[in-house]
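Reminder, nothing fancy here: chain letters follow the sequence lines and each chain counts from 1.
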Amino acid sequence: MRNHKLPVALLMLAAALPALAGPKLTAEQVLDKHVAATGGRAAYERIKSTVTKATAKLAAQGIGGPMEIYAKYPNKMLTVQTLSGIGETRQGYDGKVAWSRDPLQGLRKLSGPEAELVARGAVFNTQLNWRKAFPKVAMLPDKKINGAACYVVKLVPEVGKPLLQYFDQKTFYMVRMDMTFEGPQGKMAIETTIGDYRPVDGVKVPFSMRQKIGGAAEMVVTLNSVKNNVPIDDALFAMPNK
Amino acid sequence: MPANRRALPAALAACAAFGALALTPAPCIAGPGLSPAVRRSVFDTIWTKIRDKYFDARMNGVDWNAVRLRYRPRLAGLKDDAAFYGLLQQMVGELKQSHFGVIPPDEYLAEDERAGAHQAGVTGITARMIEGLPLVSAVEPGSAAADAGVKPGWEIVEIAGKPVKPVIDAVMARRKLTETGKRLQIRMALGARLTAPVGDSGAITFRTPEGEAKVVEVERRRPSGEPVRFGELPAMYTRFETRKLASGVAYVGFNVFMMPVLEPFRKAVAEAAGAPGLIIDLRGNPGGIGGMAAAAGSSLTTVQKSLGTMRMRAGAINFVMFPREDAYSGPVAILTDELSASTSEVMAGGLQDLKRARTVGGRTAGMVLPSMVERLPGGIRLQYAVADFRTPHGVLLEGRGVQPDIAVTEARADLAAGRDPVLEAAEAALLRATK
């Protein structure tokens, strides 16, 4: 009996190896499967604008407030966020100019990597249109996130730091994203855990995000509502005069 | 909807919101006891949070695992909550850094169901060590102390029947403390002893410069100013003052870096255009919202510059001043003392390093670590540092403070005569600079 055990075990291991490794997917394929898993190209393409209402909380510190995000095809975006004790911050991109207005630093026209970052974030349906923001993509070694095996895709922009997206190998939902903020204020790692996917007009949208900022603060963003194809005046995205 | 679309303003606002406030310890008032399980949970939460989030992964050279092993067994023998808070304070104190502290729930009573049972009342007296004596250095106009006839220059001998000398002797005996550290500790200790529930009237015994003993009943009143809350910090009251001195020099002073003072500050600085100088009084200002140092600095610069950099575990953030159109371009002096801490030091140290302002008065507290305050089980709050701070030329201000460009030694006679030698020195320096 003893003599038989080792060869049998080796045989089983050898048989299991191809299954463990799985078929090799390219980064493009993973991104395509993510689109398919969350609703499919046609469902995404039916959406031309989105108004999202959310709540952002630095829960542990007792700071937070409402957040509204307006997005419009092909690349317009406005985020309005209010933090208790600080006030209202607006950040926008009208397709040409990236800008920010907050109670501490006032109105600023953004430039360099900071502006590029906002412009990339404004690309509508980035899941579908990632090529507009990231000329290069590549696969990184798989990683486990909360016990689930994930594909890791590196998306490289023309200007600025790469973005890492983690996709659950079973569901192809994105479960984590790592990015680096770059601007005059410096560089800061932002790790976002993504979950609570819910269908909205045929597309599955993550309603929960937990952001670890600079390895210190933790911000939880919870979506309250997502409305698609709401008419939005382009003027909303333009940089204000003051 | 890509997640990165939502990340940016939130992340920046979160960093701007890091507090940089040196909190004053307050006496613990007995409340319902925490269960042993809650105490263990709080202990473990604090130890783990600091392990995971303190900006220095090497824990300032302290063996943090050994600290846990040494302190946790002591939980079993604690007689009450006060002893528990003391143990926690001692544990976080092992790191030997500012901005680590455990705030008992009593600090927050005003907002709890026991509201009104206890609210910190103040006298309006600023008590500081001058000429080796605990003196009344200032009396707030309209305060209870002012109404009771208390005068600057008086020595504080007893508070509520207890002599202050033993408190002072205990601090002075601490050899490792710097002179500034001793002055700060005594100031905080006297401040805590002068604080009592609103409505209380405790007797304070003074000695006048002429040697006469005076016993004065001083009521404790709600602090003046606009109440403001920021996250888990205890309630604060913002006070702001601006005026033009006889020489034409503009004066601006505020007691804490909270948003309600930002617009008045900007307006006052804009109105100082054409003045021969601008004085910013940060004496007694323990800090507040970290991002406000750069925001205020934006009113003083015509080119984009950074006051310095805070380093976290995963990234570094510059305190960038984005110039404002109405920025003041004349000479600036910043007044400092031993209780100018945290955000005050970021502003004073950064502008000094950039040679945009001269600092006048005394060395600052040397407590300059951006921090967060979190609520824990039992209503306890933990303050812990998440970043360090260095000036544009890389000077670490923690433990060092801002050395004044013009050091001013205050004298009891000046106080008694109603003079402010620090303000006078700053005004004279600004007028010399514009000649």
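No part of R324(B) comes within reach of chain A, as not one of its non-hydrogen atoms sits under 4.5 angstrom from that chain.
Nearest heavy-atom pair across L104(A) and M259(B) is CD2-SD, 3.8 Å. Of all non-hydrogen atoms in Q105(A) and V320(B), the two that sit nearest each other are NE2-O, 3.0 Å.
In this structure, the ring-ring contact (aromatic ring centres under 6.0 Å, His included) partners of Y173(A), at least two apart in sequence or on a different chain, are Y197(A). D168(A) is linked by a side-chain hydrogen bond (donor to acceptor under 3.5 Å, both in side chains) to nothing, counting only residues two or more places apart in sequence or in another chain. Listed by chain and residue number, nothing satisfies the side-chain hydrogen bond (donor to acceptor under 3.5 Å, both in side chains) test with R131(A) (two or more places apart in sequence, or in another chain).
Of residues 298-308 of chain B, those residues lying under 4.5 Å from chain A by any heavy-atom pair are S298(B), Q304(B).
In this structure, K48(A) places its NZ atom where more than 12 heavy-atom neighbours from other residues, nucleotides or ligands lie under 6.0 Å away. For R311(B), the CZ atom counts as loosely surrounded, since its 6.0 Å shell holds 12 or fewer non-hydrogen atoms of other residues, nucleotides or ligands. More than 12 heavy atoms of other residues, nucleotides or ligands sit less than 6.0 Å from atom NZ of K53(B).
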Q.
One pair to check against side chain to side chain contact (heavy atoms under 4.5 Å, CB included): E374(B) and E218(A). What are the steps and the verdict?
A. CA-CA 11 Å; E374(B) 288 194 21; E218(A) 275 192 19; over 6 Å; no
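Annotation: side chain of P184(A) is in contact with side chain of F322(B) (closest heavy-atom distance under 4.5 Å).
Annotation: maximal heavy-atom pairing with chain A below 4.5 Å, among A295(B), P260(B), A294(B), occurs at A295(B).
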